[in-house]
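Below is one structure, written out as structure tokens; the observations come after it.
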Amino acid sequence: MAKSLKLQAQRMGKPTIATDRPIAKILVKTGVFHLDTPFDYQIPESLSDQITIGSRVAITFRSKKVEGFVVDRVSSTNSSAKLQIIERNLGVQFDREFLPLLAAWQSRWGANPLDILRFACPDPVMRAKPIQTQIKLENSNLPKSLLTKHARLYWQLPPLVDEATAAAELIKARLHHGRVLAIFPEERLLKRIEKLLIESEIFPAILSSDMGKSERYSNFLASIGDAELTMGTRQAAMSPGKYVTTIVWREDSEHHYEMHSPGWNSRDVSLIRSATQNSSLIFAGYVPSVEVERLIETGYATIVASAGKVKAFAVNAGMNEILPSPIFKRVKTALKNGPVLFLVPTKGYGQAISCDKCRNIAKCKCGGKLTKLSKISPPSCTLCGNVYSHWRCSYCSHEIIRVLGRGIDRIYEEIGKAFPQVKIFTSTAERELSRRVLSNSIVLATPGMAANQFFKLTVILDGHNNFRDIRSDERYFNTLFRYGALAETEIDIVGNESGPEVSALIQWSSISLVRRLNRERREVGLPPFFRSVVISAKAGTERIISGFQSAIESGRLPSSIQLHNNSSDITMFAPLADMQKLTDFIYEFQKRRSMNGKELIKYRVDPYTLG
């Protein structure tokens with residue numbers, strides 16, 4: 001008589017369950033937002049020695065093969081249902097000390113914990129092994145305040161010092177105190193610093209989105225293991241590793257902001273890490289963001305100024321004049337001794353408008369900048385959408401509008417006519433100039449794309465402060481200081497010659513400019529004195545707005561919260577003290593939509609820009 005066939009599971013028999021704390025509480029990657037609490041699973045004896053808090057495991061959930069993260073291991077369960085058994089251990093990705101940090105990040109951004117974990121923990125590659133890392137400690141000549149064991153600082157970088165070199169020196173200095181996490185805004189800067197460190201026999205773990213899956217996971221394993229130094233771009237900010245010092249380089253950069261829900265950023269992630277783990281935090285750059293300036297003003301952080309002064313000159317831009325004659329003469333002289341850098345604003349029509357008479361940038365009553373969307377359109381606010389059909393300058397009552405902003409291709413033609421015997425290079429995101437240029441050459445570059453070298457003269461062309469979003473002033477100040485630091489003799493500014501920028505550059509004190517910005521923002525109730533949420537809804541915008549307004553009227557949300565509807569986006573402002581109530585409400589709002597089978601809203605908490 002033939003024997004009946006049996007499934008493999010039947011032949012193997014039921015797995016023996018662990019005797020010591022046999023229940024694992026697991027956050028399951030279901031893809032369903034409202035299933036945000038741990039589920040109980042049994043641990044087989046064969047995996048008992050491997051399963052710990054932070055283990056990533058393969059399991060079955062409602063007949064589907066999924067993965068999950070173990071967040072606790074206990075002796076018993078309160079569940080009356082038959083418990084499934086963990087099938088495989090995929091490796092440990094964090095430990096118990098990471099859980100308070102996870103909870104704090106989740107609370108800050110009103111996120112599902114698995115939305116945080118997908119950034120913190122990359123998908124495992126089973127055959128990947130940790131890369132080999134090492135460090136070699138060296139003495140440092142940096143300011144003593146940067147070397148103290150417990151630090152919470154902003155370091156304004158000095159002029160005429162290579163940015164990558166300064167970063168490498170700071171990292172080497174902080175390694176004396178223990179493990180370091182360093183986060184950089186751009187991949188190309190990260191690679192330059194890595195090269196300098198390797199030359200000093202320091203081999204870090206690198207967390208970069210440009211890496212292949214296997215390479216990145218090998219570096220991730222090293223970062224949560226023995227690596228003394230972990231470096232990376234934005235996603236490295238959520239590394240589950242434990243660090244004595246976190247460094248965030250140019251924290252004001254938009255590249256530190258995640259565009260997908262819930263829209264976290266490296267600066268705030270690192271602030272929470274520092275507070276939760278009582279670790280050092282150093283921001284470094286040329287100009288602090290308005291958020292960091294507020295921290296300095298309140299005494300939460302200390303600024304470390306750098307010695308050095310820059311020679312600066314400014315002249316008003318003439319009507320349709322790219323290069324006023326006083327600067328033309330300076331460029332001609334500088335070209336005899338070295339290359340000249342021209343910083344050109346990004347392309348775009350009507351990035352902002354100003355009064356043609358007094359040249360003041362036109363702003364709305366709400367504090368947002370005015371722009372023209374087309375040649376014939378009336379001015380409108382980039383923040384609240386208000387249209388000014390009969391605009392008058394709020395300073396001098398003049399009615400004629402000056403549209404601001406020029407593109408690099410048009411400027412290339414005009415500079416070529418002005419300097420016909422000079423070789424001109426361009427550098428943009430689409431065509432980056434990666435090599436150094438020689439004397440008697442001009443480089444035209446958009447912000448962030450200048451060649452890595454010093455220039456005899458830097459010229460900031462008109463239009464860098466003409467963009468229409470709330471961060472444009474900060475970007476303009478960063479452009480002045482970042483590229484002023486590359487000028488061996490002088491930085492020349494085509495713009496407002498009576499502005500405070502020249503004095504700030506000469507004194508090499510960017511904090512004064514940002515402090516002035518914050519005084520204005522405090523008066524009109526803008527970030528960083530208010531926090532914000534931007535919701536993008538494909539459909540049902542009016543219903544969503546109605547729901548939030550109803551919550552305010554009924555007292556479920558504080559009456560201090562303001563709502564603005566601009567096209568398909570909903571912008572909400574909340575005082576600092578009430579923001580947690582708003583993010584908690586959004587989290588519950590998302591859960592309710594998920595339970596009702598509705599599409600989740602896309603939202604960003606404290607996004608980089610508004611308008």
Side-chain angles (χ1 to χ4, degrees), residues 14-30 35-61 65-79 81 83-106 112-131 133 178-179 181 205 207 214 216-228 230 235-236 238-244 272-273 276-279:
K14 185 178 179 180
T16 302
I17 303 303
T19 55
D20 178 35
R21 294 173 299 144
I23 307 300
K25 292 188 174 295
I26 298 176
L27 286 172
V28 182
K29 296 180 65 177
T30 64
L35 300 179
D36 58 347
T37 55
F39 289 85
D40 289 356
Y41 279 76
Q42 294 185 94
I43 303 171
E45 183 63 43
S46 60
L47 297 178
S48 183
D49 292 340
Q50 303 175 33
I51 301 299
T52 183
I53 290 175
S55 291
R56 188 162 179 160
V57 292
I59 51 179
T60 298
F61 183 84
K65 300 293 184 182
V66 296
E67 294 178 5
F69 298 90
V70 177
V71 293
D72 204 358
R73 182 168 172 171
V74 297
S75 299
S76 60
T77 178
N78 293 325
S79 174
L83 300 185
Q84 297 275 359
I85 300 173
I86 294 175
E87 296 162 18
R88 276 193 305 145
N89 176 39
L90 304 177
V92 177
Q93 295 194 324
F94 57 85
D95 60 17
R96 183 183 295 274
E97 292 183 39
F98 179 67
L99 294 179
L101 197 52
L102 173 63
W105 287 337
Q106 175 193 356
N112 184 300
L114 288 158
D115 287 337
I116 301 295
L117 287 169
R118 70 188 172 96
F119 291 112
C121 302
D123 291 337
V125 177
M126 297 312 295
R127 292 182 177 84
K129 301 293 183 183
I131 65 163
T133 63
R179 288 164 56 94
L181 170 65
L207 301 180
S214 179
R216 187 173 192 275
Y217 198 67
S218 292
N219 277 267
F220 170 80
L221 292 176
S223 73
I224 62 173
D226 296 332
E228 288 291 307
T230 297
Q235 286 193 6
M238 285 188 170
S239 166
K242 297 187 288 287
Y243 304 98
V244 174
I272 291 171
R273 180 191 293 275
T276 304
Q277 299 184 338
N278 193 32
S279 58

Quiz item: R73 and S48: side-chain hydrogen bond (donor to acceptor under 3.5 Å, both in side chains), yes or no, with the steps?
Solution: CA-CA 10 Å; R73 182 168 172 171; S48 183; 2.7 Å; yes
Practice problem: In sequence, state the C-alpha distance, the side-chain angles, and the governing distance for R273 and L101, and then conclude on side-chain contact (heavy atoms from CB on, under 4.5 Å). | Solution: CA-CA 6 Å; R273 180 191 293 275; L101 197 52; 3.9 Å; yes
Next on the checklist: Please evaluate residues Y243 and S223 with respect to the criterion side-chain contact (heavy atoms from CB on, under 4.5 Å), reporting the C-alpha separation (whole Å), side-chain torsions for both, the decisive distance (0.1 Å), and the verdict.
Outcome noted: CA-CA 10 Å; Y243 304 98; S223 73; 4.0 Å; yes
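Side-chain contact between K25 and D40 is present, with heavy atoms from C-beta onward closer than 4.5 Å. V28 has its side chain out of reach of L35: every pair of non-hydrogen atoms, C-beta onward, lies at least 4.5 Å apart. Using a 4.5 Å heavy-atom threshold, the side chains of L207 and F220 count as touching. Looking at heavy atoms from C-beta onward, S46 lies out of side-chain contact with P15 at the 4.5 angstrom threshold. Two residues are said to be in side-chain contact when any heavy atoms from C-beta on lie closer than 4.5 Å; T19 and E45 meet this criterion. Within the 4.5 Å cutoff, the side chain of T30 has no heavy atoms near those of the V66 side chain. At a threshold of 4.5 Å between non-hydrogen side-chain atoms, the residues F61 and K29 do not count as touching. Taking 4.5 Å as the limit, every side-chain heavy atom of P38 sits out of range of all side-chain heavy atoms of I26.
At least one donor-acceptor pair closer than 3.5 Å links the side chain of R179 to the backbone N or O of K242. Side-chain atoms of S55 never come within 3.5 Å of backbone atoms of V57 as a donor-acceptor pair (strictly under, hydrogens ignored). Here the side chain of Q93 pairs a donor or acceptor atom with the backbone of P122 at under 3.5 angstrom. Listed for the Y41 side chain is a donor-acceptor partner under 3.5 Å among the backbone atoms of T60.
In this structure, N89 and R56 approach most closely via the heavy-atom pair OD1-O, 3.5 Å. Taking all atoms of both residues into account, the shortest heavy-atom contact from G178 to V244 is CA-CG2, 3.9 Å. When all heavy atoms of T77 and S79 are compared, the pair lying nearest together is OG1-N, 3.0 Å. Of all non-hydrogen atoms in A128 and S214, the two that sit nearest each other are CB-O, 4.3 Å. The two residues A205 and T133 come nearest to each other via the heavy atoms N-CG2, 3.9 Å. Closest heavy-atom contact between F94 and C121: CD2-SG, 4.0 Å.
Here OG1 of T276 is found 12.0 Å from CD of E97. Values are rounded to the nearest 0.5 Å. R88 CZ to I59 CD1: the interatomic distance, rounded to the nearest 0.5 Å, is 12.0 Å. Of the inter-residue distances, the one linking N219 atom CG with I131 atom CD1 reads 3.5 Å to the nearest 0.5 angstrom. The line from CG of D72 to OG1 of T52 is 10.0 Å long, rounded to the nearest 0.5 Å. If you take CG on L27 and CZ on F39, they are separated by 9.5 Å, rounding to the nearest 0.5 Å.
Taking the charged nitrogens against the carboxylate oxygens, D123 and R216 have no contact shorter than 4.0 Å, which rules out a salt bridge.
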Using a 3.5 Å cut-off and no angle test, enumerate the donor-acceptor pairs between side-chain atoms of residues 112-120 and protein atoms at least two apart in sequence or in another chain.
| unit_1 | atom_1 | unit_2 | atom_2 | d |
| --- | --- | --- | --- | --- |
| N112 | OD1 | L114 | N | 2.8 |
| N112 | ND2 | F33 | O | 2.8 |
| R118 | NH2 | S261 | O | 3.3 |

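Evaluation of the salt bridge (Lys or Arg N to Asp or Glu O under 4.0 Å) rule for D226 yields no partner, not counting sequence neighbours.
Paired with I43 under the rule side-chain contact (heavy atoms from CB on, under 4.5 Å), one option of I86, D20, I23 passes, and it is I86.
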